[in-house]
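All chains are named by letter (A, B, ...) in the order of the sequence lines, taking the proteins before the strands, and each is independently numbered beginning at 1.
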Amino acid sequence: MIKLKNLEKVYTTEEVETTALNNINLDIKEGEFVAIMGPSGCGKSTLLNILGLLDNPSGGEYHFGEHEVAKYSERQRAQLRKGSIGFVFQSFNLIDELTVFENVELPLLYMKVPASERKQRVEEVLERMNIMHRRNHFPQQLSGGQQQRVAISRAIVAKPKVILADEPTGNLDSANGEEVMKLLSQLNEEGTTIVMVTHSPYDANYAHRIINLFDGKVVTENIKEQFHI
Amino acid sequence: MIQNFLRITIRNMMKNKLFIFINVFGMGIAIACCIVAYFNWEFDARFNTHHVNAPTIYRVSSIREFQKQTTLYGHAPIPLGAAIRQNMPDVKHVTRLWWSYSDFKVDDNIFRAGLAYADPDLFDMFTFEFINGSPAALKDKSKVVLSDEMAIKLFGSTDVVGKMLTQVDGAILKEKEVGGVFKKQPAGSSFAEDSYTHFDNFFDDVKEVTENDWKNRDMLFVQIEDPSRVEAVQKQLQTFVENNNKVREDFVIKEFVLDPFVGMAQRDENLDTWSRLRPSSPKAAVISPIMMALLTLLIACFNMTNTAIAISSRRLKEIGIRKVMGSVRSQLIIQFIGETMFVCFVALIVGLFLGEVLLLSWNALWTEMKLTSHYLDNPSFIIFLGSVLFFTGLVAGSYPAFYISNFEPVSILKGKLKFGGTNYFTRTLLALQYAISLVAIIFAIAFYANSKYQYNFDLGFNEKSVIIAYVSNQGEFDTYRNAIQQNKDIVSIAGSKHSIFSSGYNDPIKHESKQMETDIIEVGDGYLNTMSMHLVEGRDFIKDSESDKKESVIVTEKLAKDFGWDKPLGKEIIWMDTVKLYVIGVVKDVYTNGLWDKMDPLMLRYIGPEQYTHVIVSGPTDKLVSINKAMEAQWKQVFPNRIYNGRFLDENTVEAREVNDNIVKMFAFLGIVALMLSGTGLYTLVSLNIIKKMKEIGIRKVLGASVSNITRIINAEFVIILVIASALGSWLSYYAVDWLMDSIWDYYLPMSNVTVAVSVFILFFISAVAIGYKVLGAATMNPVNTLRVE
């Protein structure tokens, strides 16, 4: 599903060169649940952004499915991103001016899904995430847990192959965090590949595999349970 | 998708109500200004175009070369009309034309109307819409044709063909039959008069003018249907130049020209050509509103761009998310430009309403001009408005659209990006906005100062304390003078044949080899005293002195200077090539054309009471209105059949004041709008800069910076922008104010340093008020708050 070979990311400013990712080799199979851990500044988010096609690597190879995407243009990345990858952020990142329904609908709009189908799919997802009763509310009117459920709804409404979650419980209390993690596990059990960045060992326990990063390098890979295709 | 965009646009607008309100309102005013400027321009451009034959009509004008200057005069000798009719078959129609005034009386109703003497061809050439009767009535000398407005005034109806009215010409009463009623010509027509009669009546009413005398001149129009024959006709006209020059040594002409009627009104106004037809709007009155509208539009555009940039920084998250969800850059660009277009569209609707209001106030400024909006029959205007909308949306939307859509979503969502505050682009826009605002303020103040200066200007006589009434002869003069002189408020009464700001003539005079043209007025006893003219040398005319009547003149300093005299007294002047006159006195310069045009030299001759037609009355300025009322009451007793014709001599000054005040109003309006918009622009940028510098301010405060230190840090940049804007605005105003004043007046108060200083002060003061609260808030906040967030 996802294959990284000697992947590098270097940030260059006028005088300083900072290596964020150094020679990363990684293979993520379809249906896997992978957690990425490591101290602040180790390159977790950079890696996630590259995996999510939000950023290009400076070197190495990145195979997404059958595509070699390392040198894709912004337009090509956007094209592949929509429909294939769902995002869940720590700070939810919902558009404040749109209602719950409209926020979830957004990816389908960019995929040019017809209105009647959009309505059906959004309602299905909201129903599933148990947030249907809030469909006409604006994000500010919801609790953190509810907002994250909306964000997850938005991430899965387009039925992506991969969900990338960047500290999805970071802004939530433990009860809500637990709920979110259960939802992600459930999605994974249904076949969606999940890559999650987290600081929390507890959350990481939900994953099949934990990858530890330090100074831009993979230091350990901790296979919790055998993953069968 | 479009629905989604619209939804977001409207919800965003609701979130930023104040900015959107100011933008929509500012843009609305700008569009309203464009509407006024457009219809004002159209009024001028369409002047006389309702005359369907206009392209084939020409005015026969005279070109004269005098003292190395070539001048076009819109008149020709009276007999030339008949000569053209007899000798030039290419000319389809000819009409002679002369304007005058007459009083018309029906029962007890008596009104003054502009009366035109014209040949019957007039109505075949020019487009008049007849409501009753027929244009052929002009063929009948005993008939008069009235405008519907005049017919209603006199008879209370327009159905008056065949009814009789009395033309009151001084003591002479003439019975006339109404031959037709036409719809009054629109304001954009050179034919403003309310009544027309056969040209032959002119010779009856003005005895000294005869039909075959080449000395007398009138206006003359011809219609030539075949454009290829125009040149031939013009050639034929030259054979009559000699007829003129033989009898008019004082007015030797070079040639006759066929002056196209199309554009004549505009040319007459711009070249200051002699013509008694109503001219179109002065150039300044057409160009100034266009300039104003464009400046307002620019400010509104700049402001909208700056605000759009500012507000969009609040929408970075949305952009980031949209990008993550798969939006490509072009979609974001369309969204942002679309949003500003939408705001412009709302502004356009607001502008259309404001335009109506502004048109009303514009019309209230001017007596003659009445502009009305008309959109549906006017595709060019729809295109104009469409382009304004498109242009504005594009300018205001482009920068944020292209700039913001370029950000990487990662940096946006990670909150790494600190967008907003000022950059070169926003700084430039702000500086330009302020420069334009300053220009408007300087204009308003400069014209206000000029208004005061011109009001108190010494014209060489006291126009504010004189009333002139007109009589036909010495008998009437004596009767009326005796009737009014009981009034104790009247300081003095004089008689004359002419007067400054009333009547006179212009003739060439000679001293030794030097020749020039001068204004000449013929005055009676006590004229200088009644007009408060200042004698600087020599003496006044001696009462009943025959030699003074025969050969004495009083001249202005200007005349003496033009002849190059050090000691003007006793100098000999040759008038009409034969009459010898001697200077007995010199008066202080008289601004014969008010402040509008360069003053002409003036020469006063002395006449006896038998020639008096002017009753000149002076009194204290504050009592002049009551004196006028009393004079009117006396008039009605003495001349019951006639309309009182007394008028204040300061009409000219009043008009100048009106023009000044109108310009002050226009630019004060522009100044307020411009300052309001610029103020918001500044406020927006300062707010953004404060957000951007929060951390810096916090750290500085922890390290011990005082409120004034912080204020200086925030303000320094804006002070520089304002200083640059002030320099630019002052420099622009220096030329623009002078250009506008010079195009209106010959004597005015140029823009002074005080005006600039006051304007700059206002600019800085308003800016300080606009941002003071915000800056103080930032400077006095607790640093813990910002540093904790960071």
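Side-chain contact check for B:Arg7 versus A:Thr99: every heavy-atom pair is 4.5 Å or farther apart. Using a 4.5 Å heavy-atom threshold, the side chains of B:Arg11 and A:Leu98 count as touching.
Applying the ring-ring contact (aromatic ring centres under 6.0 Å, His included) test to every pair with at least one member in residues 67-90 of chain A, sequence neighbours left out, gives these pairs: A:Phe87-A:Phe89.
Among all heavy-atom pairs drawn from B:Ser327 and A:Ala78, the shortest one is O-CB, 4.3 Å. The two residues B:Val324 and A:Arg81 make their nearest non-hydrogen contact at O-NE, 3.2 Å. Annotation for A:Asn93 and B:Ile321: closest pair O-CD1, 2.6 Å, computed over non-hydrogen atoms.
With a threshold of 4.5 angstrom between heavy atoms, A:Ile85 does not approach chain B through any atom at all. Of the two parts of A:Phe138, only the side chain, counted from C-beta on, holds a non-hydrogen atom closer than 4.5 Å to a non-hydrogen atom of chain B.
Atoms CZ and OH, on B:Arg322 and A:Tyr110 in that order, are 4.0 Å from each other to the nearest 0.5 Å. Atom CG of A:Leu106 is separated from atom CE of B:Met325 by 6.5 Å, given to the nearest 0.5 angstrom.
Taking 4.5 Å as the heavy-atom cut-off, the residues of residues 149-162 of chain A that approach chain B are A:Arg154, ordered by number.
Most heavy-atom pairs under 4.5 Å with chain B, from the set A:Thr46, A:Leu80, A:Asp96, A:Asp55: that is A:Asp96.
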